[in-house]
Amino acid sequence: MSSPGVNGDPKPPCLPRNGLVKLPGQPNGLGAASITKGTPAAKNRPCQPPPPTLPPPSLAAPPPRAALAGGLCPPVGLPLGGPASAPVPGPPAERPPLATDEKILNGLFWYFSACERCVLAQVCKAWRRVLYQPKFWAGLTPVLHAKELYTVLPGGEKEFVNLQGFAARGFEGFCLVGVSDLDICEFIDNYALSKKGVKAMSLKRSTITDAGLEVMLEQMQGVVRLELSGCNDFTEAGLWSSLSARITSLSVSDCINVADDAIAAISQLLPNLAELSLQAYHVTDTALAYFTARQGHSTHTLRLLSCWEITNHGVVNVVHSLPNLTALSLSGCSKVTDDGVELVAENLRKLRSLDLSWCPRITDMALEYVACDLHRLEELVLDRCVRITDTGLSYLSTMSSLRSLYLRWCCQVQDFGLKHLLAMRSLRLLSLAGCPLLTATGLSGLVQLQELEELELTNCPGATPELFKYFSQHLPRCLVVE
């Protein structure tokens with residue numbers, strides 16, 4: 001058999017040139033590579049491609065041992081792929097189209113938000129198979145309303161929805177809204193992972209009773225984080241009968257039957273409690289004395305939200321019972337004064353986050369206590385502390401570890417106070433939303449905080465369009481919230 005190029009045609013149109021071999025295209029469902037032999041497009045081509053040739057030495061696979069043993073190596077001097085006797089590789093392995101290539105999709109889908117992934121999962125089965133991997137849903141909590149838990153059959157009967165899609169994605173927590181005791185029992189019976197796989201449960205605006213709460217925590221043995229919000233049908237007796245020692249995080253808010261006895265149940269039944277968030281209008285200073293030494297070692301986060309009856313005496317009980325707190329919120333505890341903050345600063349030296357928002361009795365003196373004693377503090381929230389002035393900010397300017405400072409609606413803060421903040425090079429987040437006395441001139445000086453990552457100026461009269469443009473030029477890495 002004669003090799004190409006010997007029949008007199010010096011440049012056959014389909015032969016490689018300059019000693020290079022054109023690699024055969026990979027079939028990907030796109031362009032001419034997807035056209036097969038025998039189609040009209042192939043018949044009308046002026047020249048058919050030659051038989052598959054070997055790739056260049058840099059890309060070629062090692063020759064098989066049998067070929068080497070039999071002396072089938074191409075002779076020296078012959079162009080690669082020239083003689084017909086040279087071994088010819090088989091056709092390239094089939095690859096799936098790019099749109100369904102799981103390796104590509106696994107990387108691509110990370111660029112979409114959770115809401116967008118929900119939509120993309122409906123495109124086709126291949127995309128759903130990739131997107132339903134638990135790694136794409138880690139840290140997310142699905143919210144299910146009571147009306148979404150059932151489908152109405154043609155006869156008018158209700159059937160509980162299929163939750164297999166949630167099980168496939170491996171959700172570790174659920175938020176159920178407006179459910180009853182029966183709805184919770186149906187959820188437990190129909191969700192395959194409810195007994196051991198669910199670690200967090202949140203019930204909001206639901207009519208769960210003491211019996212329903214007891215059944216839920218008894219059946220769902222994996223639950224270690226529990227939230228009850230706007231549930232007015234369970235009582236303190238229900239907490240005594242249902243709370244389990246395995247719970248490490250508990251949040252109770254807007255539940256009208258929660259008072260001091262509920263705190264007693266929590267302190268006695270939850271020795272491993274690490275985080276407690278409580279919004280209860282009827283909790284008094286007495287309840288905060290129920291915490292024992294067991295919680296003193298394990299509890300690191302305490303949030304007392306709008307507990308109107310708590311005074312400085314309650315703060316005394318907290319700092320002595322829970323000395324290892326790293327996060328404390330007294331937001332909305334309107335009876336706490338500077339003396340209470342002094343107790344916190346002197347006794348809770350491990351604090352990294354302190355929330356004093358909506359405490360109208362807090363003054364600049366409280367900020368002096370904070371700045372002198374809380375050297376590890378990274379976050380300070382002073383929203384609606386209407387007595388804070390520029391003097392208080394001068395105390396805070398000495399805090400080298402502070403990264404987040406919230407001064408929303410502090411109506412006495414002026415431009416002079418902002419000058420004190422310019423020395424706080426560790427600041428990453430600063431909120432001045434609603435501060436009415438700040439001007440564009442004073443705010444423009446914040447460009448000296450080059451490490452700032454977020455600046456909130458919502459409802460700030462001094463924040464003009466020209467100022468935002470100035471920030472975009474001089475704080476390019478900072479997110480400015482208008």
Side-chain angles (χ1 to χ4, degrees), residues 28-30 95-154 157-180 182-208 216 219-231 249 251 253-254 275 277 453-454 456 479 481-482:
N28 56 7
L30 302 174
R95 291 184 59 186
L98 294 179
T100 58
D101 190 312
E102 292 192 4
K103 184 177 180 180
I104 294 177
L105 295 177
N106 270 288
L108 175 65
F109 289 145
W110 285 114
Y111 292 92
F112 295 91
S113 66
C115 293
E116 291 169 337
R117 291 171 190 164
C118 291
V119 177
L120 293 173
Q122 303 176 40
V123 172
C124 63
K125 292 182 179 179
W127 285 25
R128 175 177 297 184
R129 182 170 58 253
V130 174
L131 280 168
Y132 270 29
Q133 297 176 88
K135 65 180 181 180
F136 288 113
W137 311 95
L140 299 176
T141 300
V143 180
L144 300 176
H145 293 256
K147 61 182 180 180
E148 299 172 343
L149 296 176
Y150 300 91
T151 55
V152 180
L153 301 177
E157 299 179 354
K158 290 185 177 180
E159 181 181 41
F160 202 84
V161 296
N162 189 338
L163 298 177
Q164 291 182 357
F166 292 96
R169 285 174 278 184
F171 288 111
E172 294 186 350
F174 282 87
C175 177
L176 304 182
V177 182
V179 296
S180 63
L182 179 60
D183 299 330
I184 293 173
C185 292
E186 290 285 352
F187 175 82
I188 295 173
D189 292 339
N190 288 275
Y191 186 59
L193 304 179
S194 63
K195 302 294 177 65
K196 297 291 184 179
V198 177
K199 293 181 173 57
M201 279 297 295
S202 173
L203 302 179
K204 296 185 177 182
R205 302 190 300 276
S206 298
T207 57
I208 185 173
M216 183 184 74
Q219 294 290 324
M220 304 180 71
Q221 291 292 316
V223 172
V224 295
R225 300 186 298 273
L226 176 63
E227 179 184 7
L228 302 171
S229 177
C231 302
S249 176
S251 175
S253 61
D254 288 330
E275 181 177 353
S277 181
E453 297 175 359
E454 182 173 343
E456 184 181 10
L479 172 63
V481 182
E482 303 181 13

Not counting sequence neighbours, which residues clear side-chain contact (heavy atoms from CB on, under 4.5 Å) with [X]? List them please.
X: Lys135; result: Asn106, Trp110, Gln133
X: Glu172; result: Lys199
X: Ala121; result: Leu131, Tyr132
X: Ala99; result: none

Once rounded to the nearest 0.5 Å, what's the spacing between atom [atom1] of [X] and atom [atom2] of [Y]?
X: Gln219; Y: Lys196; atom1: CD; atom2: NZ; result: 10.5 Å
X: Ser202; Y: Leu176; atom1: OG; atom2: CG; result: 8.0 Å
X: Phe160; Y: Glu186; atom1: CZ; atom2: CD; result: 6.5 Å
X: Ser113; Y: Arg117; atom1: OG; atom2: CZ; result: 7.5 Å
X: Glu454; Y: Leu479; atom1: CD; atom2: CG; result: 5.0 Å
X: Lys195; Y: Gln221; atom1: NZ; atom2: CD; result: 10.0 Å

Does the side chain of Met216 reach to within under 4.5 Å of the side chain of Leu203, using non-hydrogen atoms?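 They are in side-chain contact.
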Side chains of Phe112 and Val119: closer than 4.5 Å at any heavy-atom pair?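 Phe112 does not reach Val119 side chain to side chain.
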Give a yes or no answer on whether the side chain of Ser249 reaches the backbone of Arg225 with a donor-acceptor pair at less than 3.5 Å.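 Judged by distance alone, no pair lies under 3.5 Å.
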Short side-chain to backbone donor-acceptor contact, Ser194 and Ile188, under 3.5 Å: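 Checked: pair present.
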Please name all residues satisfying ring-ring contact (aromatic ring centres under 6.0 Å, His included) with Phe174, sequence neighbours left out, ordered by chain then number.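 Once residues adjacent in sequence are excluded, the partners of Phe174 under the ring-ring contact (aromatic ring centres under 6.0 Å, His included) criterion are Phe166, Phe187, Tyr191.
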Exercise answer: donor-acceptor pairs, residues 139-153 side-chain atoms, under 3.5 Å, sequence neighbours excluded:
residue : atom : partner : partner atom : Å
Glu148  : OE1  : His145  : N            : 3.2
Tyr150  : OH   : Asp183  : OD1          : 2.7
Thr151  : OG1  : Glu159  : O            : 3.3

Closest heavy-atom contact between Gly178 and Ser206?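 Shortest heavy-atom contact: N-OG, 3.3 Å.
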Check Ala114 against Trp137 and note the closest heavy-atom contact, atom names and distance.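 That closest heavy-atom pairing would be O-CZ3, 3.9 Å.
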Under 3.5 Å side-chain donor-acceptor pair for Thr207 and Ser180: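 No pair is found: no donor N or O on one side chain lies under 3.5 Å from an acceptor on the other.
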